[in-house]
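First listed ligand is number 1; within each ligand, the first listed atom is number 1.
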Amino acid sequence: MEIIQKSYGCKMLTTNLKSVFNKFKASGTWQNASAKGSGHIHSTWLIKTSEDDQPDYILQRINQNVFPPVAEMMANIEKVTRHIIKKRKKHGSEEMLEIITTKSDKSYYTDQKGNYWRMYRNISPGISYDILPNNRIAYEAGKAFGQFIRDLRDLPADEIFPVIPHFHSMEMRFGQFKSALEADPVNRTARAKEEIGFVFSHISDMMVIPKLENEGKLPVRITHNDTKINNLLFDKNDKAVCVIDLDTVMPGLSLYDFGDTIRTAANTAGEDEPDTGKIQFNLPVFQACAEGFLEKTISFLTPAEVDLLPLSAQYMTFIMGLRFLTDYISGDTYFATSYNNHNLVRCRAQIRLMRLMIDKYQDSRDIILQTAEKYQIQQRRR
Ligand code: ADP
Ligand code: GN1
Ligand code: MG
């Protein structure tokens, strides 16, 4: 009997997955497929091969609704991975994503229905966590995402295509939210009154970072832009092995990457925890992430960037709450959801986390200033 392989938002027959797999230059032969990970965008399968000495693979059906310029996105990933691999050969640290090309040497495959597919070598061991299992991992996460920005400093920004323009622009996201409110296409605004109120009462505080960016006071760098904790793979000893999900690598702010790491790592519960009482803002994790991130970035971050790191956590938590709420009101057209009000639950979790971050703002600020000073002193001694 045909087995249906379901990955978040997509059902595929095993035979169809196998025929897509066979379009790529894999060095092993197909054994089986299973759904992988909890990403909200693509449909992802782990393809196991029969041979013990050959790698397994990650096969993804690309979400074209979210990433219409597929060719440009894949070209970005090729440039970024090539650039980083060259660097890592020198300092010999973590792994990098490896694109497996098709038998006609393309970085993606288009099937008869117009779906886009790509394949990566499966990084093994490569464990991803939705909730941080311990505080030690937080230091590794900060370091890995800091190193990522550091490695890309000498890649010219104009070589990277802005795949989703204004991705983290608060003005743009607020505009989309207001349009959704006005249209209210599935009559959901009445069920989200409190959350909508929260957005309106906090939006002006969230304009500090965009204002400084518009005034040219924050440097635009090539950043990852999706540094949630499950986009980093770890080994069994809690060492970071590879930063993944490079689709959104684009010109951006260092604050987005630090902020999103904190949003996901320093939350004691899941991004969609329905019992908001379980959500705490974990300050020791904030500190460990900051230690790792600043260790890798203090030599080039500007004083304005360092100063805004504590606020960046609120910025990214707020913008994600806003995006989940907009998607809820729009009828769940963007993020994959598992139940009816999933996006509203995600939004509530972000609001709860944001409130806790506001309460601990002064503590988090002290941590950043002390950590930055510690590394600056070390640098001067060298
Ligand atoms: P999405 O954009 O949907 O989040 P990702 O590229 O992050 O898609 O992949 C989803 C999940 O698949 C990841 O969280 C991770 O668990 C797993 N994954 C992706 N790429 C690899 C890889 N090269 N090696 C091992 N696991 C991977
Ligand atoms: C999406 O692809 P994934 O699941 O890693 C989203 C991010 C959000 C995240 C929230 C392209 O990331 O911006 O922060 O969900 N990616 C895109 O979990 O919109
Ligand atoms: Mg992901």
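- Using a 4.0 Å cut-off between heavy atoms, Asn231 contacts ligand 1 through its side chain alone, with no backbone atom that close.
- Of the protein's non-hydrogen atoms, the one nearest atom 4 (O) of ligand 2 is His40 N, 2.7 Å.
- The part of Thr44 lying near ligand 1 is the side chain, judged by heavy-atom distances below 4.0 Å.
- With respect to atom 11 (C) of ligand 1, the closest heavy atom belonging to the protein is Gly37 CA, 3.9 Å.
- The shortest distance between side-chain heavy atoms of Phe324 and Asp272 does not fall below 4.5 Å.
- Close approach to Asp226 involves these atoms of ligand 2, each under 4.0 Å from a residue heavy atom: 2 (O), 3 (P), 5 (O), 7 (C), 12 (O), 14 (O), 16 (N).
- Considering backbone and side-chain atoms alike, Gly126 places every N or O at 3.5 Å or more from each N or O of ligand 1.
- Remark: the Arg382 side chain and the Gln379 side chain contain no N/O donor-acceptor pair separated by less than 3.5 Å.
- Atoms of ligand 1 lying under 4.0 Å from any heavy atom of Ile41, numbered from 1 in the order shown and given with element: 2 (O), 3 (O).
- In summary, the atoms of ligand 1 found under 4.0 Å from a heavy atom of Asn230, numbered by their order in the structure, are 14 (O).
- Below 4.0 Å from some heavy atom of Leu97 lie the following atoms of ligand 1, by number and element: 23 (N).
- Only the side chain of Ile244 comes within 4.0 Å of ligand 1, counting heavy atoms alone; its backbone N, CA, C and O stay farther away.
- Nearest-residue assignment for atom 9 (O) of ligand 1 (options Arg121, Gln60, Glu98, Met119; heavy-atom criterion): Gln60.
- Using a 4.0 Å cut-off between heavy atoms, Leu233 contacts ligand 1 through its side chain alone, with no backbone atom that close.
- At a threshold of 2.8 Å, the Mg ion (ligand 3) has a backbone or side-chain N, O or S atom of Asp245 nearer than that distance.
- Checking only distances, Tyr334 does come within under 3.5 Å of ligand 2, N or O to N or O.
- Residue Asn230: no N/O/S atom is found under 2.8 Å from the Mg ion (ligand 3).
- Taking every heavy atom of Gly39 and a limit of under 4.0 angstrom, the matching atoms of ligand 1 come to 1 (P), 3 (O), 4 (O).
- For atom 13 (O) of ligand 2, the nearest non-hydrogen atom from the set Arg323, Met320, His168 comes from Arg323.
- Asp327 and Arg188 are not joined by a salt bridge, as no carboxylate oxygen comes within less than 4.0 angstrom of a charged side-chain nitrogen.
- There is no side-chain donor-acceptor pair under 3.5 Å between Thr248 and Asp226.
- Of the N or O atoms in His42, one or more lie within a sub-3.5 Å distance of an N or O in ligand 1.
- With hydrogens and angles left out, the side-chain atoms of Asp247 and His42 include a donor and acceptor closer than 3.5 Å.
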